[in-house]
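Notes follow the structure.
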2 protein chains.
Amino acid sequence: MTRPVSIKNVAERAKVSVGTVSNFLNRPEALSPATRERVREAVEALGFVRNESARHLRAGRSRTVGLVVLDIANPFFTDVARGVEDAASEAGLSVIFCNSDGDPAKEGRYLEILAEQRVRGVLIVPADGDHERIGALRDRGVPVVLLDRRAARSGQCSVSVGDVGGGRMAVEHLLGLGHSRVAFVGSGEARQVADRLRGAQDAVVATGPGGAALKVIETPTLNVAGGRSAGLELAATPRSGRPTAVFCVNDLVALGVLQALTQEGIDVPGDVAIVGYDDIDFASAAAVPLSSVRQPRQQLGRAGAQLLVEEAEDPDHRHRRVVFSPELVVRASSAPAARRRRQVASSAI
Amino acid sequence: MTRPVSIKNVAERAKVSVGTVSNFLNRPEALSPATRERVREAVEALGFVRNESARHLRAGRSRTVGLVVLDIANPFFTDVARGVEDAASEAGLSVIFCNSDGDPAKEGRYLEILAEQRVRGVLIVPADGDHERIGALRDRGVPVVLLDRRAARSGQCSVSVGDVGGGRMAVEHLLGLGHSRVAFVGSGEARQVADRLRGAQDAVVATGPGGAALKVIETPTLNVAGGRSAGLELAATPRSGRPTAVFCVNDLVALGVLQALTQEGIDVPGDVAIVGYDDIDFASAAAVPLSSVRQPRQQLGRAGAQLLVEEAEDPDHRHRRVVFSPELVVRASSAPAARRRRQVASSAI
DNA sequence: CTGCTGGGGTGGATCGTTTCAGCCTTCTGG
DNA sequence: CCAGAAGGCTGAAACGATCCACCCCAGCAG
């Protein structure tokens, strides 16, 4: 409850000037051993802790970066966050972690706060298409790196994972198993969703006229609950018209769909095959281990933070767009070809 | 890339003094409409954003709080974080989110950073028993609220969930199903672990001499991977001596145990029943839906943040220890009594 | 007309740190 | 013995916002 200790108190106690204490903190080798020891003792005795705000005020730039994600409860984003955190702390930066909930208004408020904090830069998984606030930050000279989203123009860095390719990969896998009625489950404005859907459509279109068909099922939210409601909708569809394979926009949704189908007595993968997206740790622990499109989550975060640091330090930095490749992991939720073919035949009778 | 805009630039443009601009920002009603409009225009035109550091330097207190958790990848903690965030933003505070990974050194570094930032207060799920750093923070007058851990002395606030009771509840449930060889899976210094174990022991001891026995299986880490390794160890035990019921210190570990057992051909709950802890969303989506001890996660965080705010604002604040009660949620992973009894009988032959 | 009130505004001190010009000593080489 | 350099330290300016004592003037009562 005592008044906070400032550099001045330390200086008085050590009988040196404040400048010397500052040197002790930042360039200790510049002091004579005797002085250094006196200052060290004073710092110790008083329990002095630097005031980062004052430091930052003088320096004009802070030592923190902001990270804004869509959903802190989604393990995908916590893994990304961990990658960001690791890379940031290697660069001596701390991270302010913000959760936009996919709400542009909330996102805007957080960006405002980050701007007031004069963060060194911002990593963001944007909520939607309208980024005037992000633009405003950039205009103010704050580096912004887009995560999990490819930058539209070359005006900024981005790190993403090929979502179109991931979607195509997932659906090609399902088509390869003999499925011809496929559903895409997902919703929202986010580019990730649109891209995965596009990839799925590409794969279906490639089967030519009279080939496979893709049905889109909207979910209220992109979490387990949302998936559950989509699963119930699916279960309520008469079997004859029901898709035999489902590609879900992320694993949370896939888990929800799986739960609902199982609960309604629909066999996975016997009646309906499922492929998710992200390959979160829980995907393999599901009731029926989930096939999924794996993304390099930590690397995504790490690479983003590195680009951000580079942009902040290097004056003639060139913006880059890093794109990782997703990878399909096949598990029990998408049936092996042999079994599937048999089933198609019998249902054709 | 232009120089950042300060209150001074705004003042020049609006042809007023800096004091007036400050008033505009903090007490707009004190200005005459004409002046207010002029300043508003200048702020707008220059894209002025307050410098929070300068503000804070002058004010002596910041508008952020720190939150330190053990494992950001554990959904339990993300749910807690969400509760904290909600309550904090209602109080106009932002949250700096830190992940100690259960490592006291990393925890110490984060506390140091938070101290340098002069946060308004700290919410922490401490990594271990040695809290000198936390004490140092408190001595400096920074409110600290312990989360998920009961404060030892009355010198600080804490919000926790009765872990002893939770552990007892889980094991009593298993004993009630007829199990007599029970294992506890977990490890680490954290009080949560010790308390849940103690509760489990209490329940076992209550069965009297010649009653049930509790075996402790250590895991390398408290996540899915750790659980998997414990599960393999369990599977390698000869059936005759193998516990028929397992109480896991958290759901991640339980999911890992479940995976390993299933993979090794051991039926859950037929051969081994499992109860987890936390009741994270994924517990019910597991291969065998997991029985678990539910904790009010968001409320935990929310209540903690509220206590913190109260302690920071109210000079004659009395420390409080809030304790929530856990709740047992029974699912398929712990067999119903009827089935279990049959099985015990048959294995006794 | 005078004195008073109070709304509206000013300008400088202040917060804690860093930075930098400059001062004093001591040392070195010629 | 002296000029100059180098090392070690000092003290004040600056960062951007807030706060506060104070000033100015219009309006009003006496």
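Throughout, a chain's letter reflects where its sequence line sits, starting with A, and its residues are numbered from 1.
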Discussion item. Measuring only between side-chain heavy atoms, which start at C-beta, is B/Glu52 closer than 4.5 Å to B/Thr64?
Written reply: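 SC-SC contact between B/Glu52 and B/Thr64 ruled out.
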
Discussion item. In the structure I gave you, are the side-chain heavy atoms of A/Ile72 and B/Phe97 within less than 4.5 Å of one another anywhere?
Written reply: yes

Worksheet item: Between the two end axes of the helix from C/dC1-D/dG30 to C/dG30-D/dC1, each built from 5 base pairs, what angle do you get to the nearest 10°?
Response: 50°

Practice prompt. Output the residues of residues 52-60 of chain A in contact with DNA chain C, where contact means a heavy atom of the residue under 4.0 Å from an atom of the strand; sort by number or write none.
Written response: A/Ala54, A/Arg55, A/Arg58

Worksheet item: Where the side chain of B/Arg27 is defined as all heavy atoms beyond and including C-beta, which of D/dG16, D/dC19, D/dT18 is the nearest nucleotide?
Response: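 Per side-chain heavy atoms of B/Arg27, the pick is D/dC19.
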
Results of salt bridge (charged side-chain N to carboxylate O under 4.0 Å, His left out) for [X] - residues two or more places apart only:
X: A/Glu44; answer: A/Arg40
X: B/Lys106; answer: B/Asp101
X: A/Asp79; answer: A/Arg297

Quick one: [X] [atom1] to [N] [atom2], roughly how many Å, whole number?
X: A/Lys8; N: D/dA12; atom1: NZ; atom2: P; result: 12 Å
X: A/Arg118; N: D/dC15; atom1: CZ; atom2: P; result: 14 Å
X: A/Glu12; N: D/dG11; atom1: CD; atom2: P; result: 12 Å
X: A/Gln117; N: D/dG16; atom1: CD; atom2: C1'; result: 15 Å
X: B/Ile7; N: D/dT18; atom1: CD1; atom2: C1'; result: 8 Å

Worksheet item: Salt bridge between B/Glu313 and B/Arg120, side-chain N to carboxylate O under 4.0 Å?
Response: yes

Discussion item. Looking at B/Glu116 and A/Arg55, is there a salt bridge between them, counting it only when a charged N and a carboxylate O are closer than 4.0 Å?
Written reply: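 Salt bridge: no.
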
Worksheet item: Counting only heavy atoms not in A/Arg82, do more than 12 fall under 6.0 Å of its CZ?
Response: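 Above 12, so yes.
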
Item to complete: Kindly check if the number of other-residue, nucleotide or ligand heavy atoms within 6.0 Å of CZ (B/Arg27) is above 12?
Response: yes

Could I get a table of every N or O pair under 3.5 Å where one atom is in the protein and the other is in nucleotides 6-10 of chain C?
| residue | atom | partner | partner atom | Å |
| --- | --- | --- | --- | --- |
| C/dG9 | OP1 | B/Ser32 | OG | 2.9 |
| C/dG9 | OP1 | B/Thr35 | OG1 | 2.0 |
| C/dG9 | OP2 | B/Ser32 | N | 3.1 |
| C/dT10 | OP2 | B/Ser17 | N | 2.9 |
| C/dT10 | OP2 | B/Ser17 | OG | 3.0 |
| C/dT10 | OP2 | B/Thr20 | OG1 | 2.5 |

Discussion item. Using a heavy-atom cut-off of 4.0 Å across all strands, would you classify A/Phe24 as base, sugar-phosphate, or nothing?
Written reply: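 Result for A/Phe24 = nothing.
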
Worksheet item: So what does B/Ser6 hit on the nucleic acid, given a heavy-atom distance under 4.0 Å: a base, only sugar-phosphate, or nothing?
Response: sugar-phosphate

Worksheet item: If you take all heavy atoms of B/Phe77 and B/Asp71, which pair is closest and at what distance?
Response: CD1-O, 3.3 Å

Worksheet item: After noting the C-alpha distance and the side-chain angles of B/Arg318 and B/Glu310, does the key distance pass the salt bridge (charged side-chain N to carboxylate O under 4.0 Å, His left out) rule?
Response: CA-CA 9 Å; B/Arg318 301 254 134 243; B/Glu310 190 185 309; over 6 Å; no

Worksheet item: According to a strict under-4.0 Å criterion, is A/Asn51 in side-chain N/O contact with OP1 or OP2 of C/dC15?
Response: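 No, outside the criterion.
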
